[in-house]
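Take a look at the structure set out below.
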Amino acid sequence: MAAQRTTIFAEDMNDEMQTLAIETAQDAFQTSFTKGSVYANIAEMIRAAFDKNDTKGWNCIVGRSFGAFVTHKIKTYIYFQVVPNVCILLWKGQ
């Protein structure tokens, strides 16, 4: 498979957490899901990884077309894509 190109549109997150977000998202997009919405399952997989790695309170949205205005803790926000035309918004609420 060709290497996936990651684009970060906005971030307020340290490099270690950014790397975890990108790697987790890439793994999630490689996973086969048999039930439910693929994007919802990918978002849940990313959110669960961050809840496990840090503390609970993470939120994740995955989709092709959405708008969002969120309040987040400092250094816990990233908006990016790892596959074309599918965006990921990950943040930790206050």
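Starting from 1, each residue takes its place in the sequence as its number.
By the 6.0 Å contact criterion, CD on E16 is open, its count of non-hydrogen atoms from other residues, nucleotides or ligands being 12 or less.
In terms of hydrophobic clustering, with Ile, Leu, Val, Met, Phe, Trp and Tyr side chains grouped at heavy-atom distances under 4.5 Å, L89 and I22 are assigned to different clusters. Taken together through direct or relayed side-chain contacts under 4.5 Å among Ile, Leu, Val, Met, Phe, Trp and Tyr, V86 and I8 form part of one hydrophobic cluster.
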Anything under 3.5 Å between a donor and an acceptor, one on a side chain of residues 45-65, the other on a protein residue two or more places apart or in another chain? List them.
unit_1: R47; atom_1: NE; unit_2: E44; atom_2: OE1; d: 3.2
unit_1: R47; atom_1: NH1; unit_2: D51; atom_2: OD2; d: 2.1
unit_1: R47; atom_1: NH2; unit_2: E44; atom_2: OE1; d: 3.0
unit_1: R47; atom_1: NH2; unit_2: E44; atom_2: OE2; d: 2.6
unit_1: D51; atom_1: OD1; unit_2: G57; atom_2: N; d: 3.3
unit_1: D51; atom_1: OD1; unit_2: W58; atom_2: N; d: 3.3
unit_1: D54; atom_1: OD2; unit_2: W58; atom_2: NE1; d: 3.4
unit_1: D54; atom_1: OD2; unit_2: K92; atom_2: NZ; d: 2.9
unit_1: T55; atom_1: OG1; unit_2: K92; atom_2: NZ; d: 2.2
unit_1: W58; atom_1: NE1; unit_2: T55; atom_2: O; d: 3.4
unit_1: N59; atom_1: ND2; unit_2: G57; atom_2: O; d: 3.3
unit_1: R64; atom_1: NE; unit_2: Y39; atom_2: OH; d: 3.0

Side-chain polar contacts of residues 66-79 - donor-acceptor pairs under 3.5 angstrom, sequence neighbours left out - could you list them?
unit_1: T76; atom_1: OG1; unit_2: K73; atom_2: N; d: 3.4
unit_1: T76; atom_1: OG1; unit_2: K73; atom_2: O; d: 2.6

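Atoms OG1 and CE, from T24 and M17 in turn, are 10.5 Å apart once rounded to the nearest 0.5 Å.
Scanning both residues, M13 and Q18, for their nearest heavy atoms gives O-NE2, 2.9 Å.
The closest donor-acceptor contact from the side chain of Q81 to the backbone of T7 lies at 3.5 Å or more, if one exists at all.
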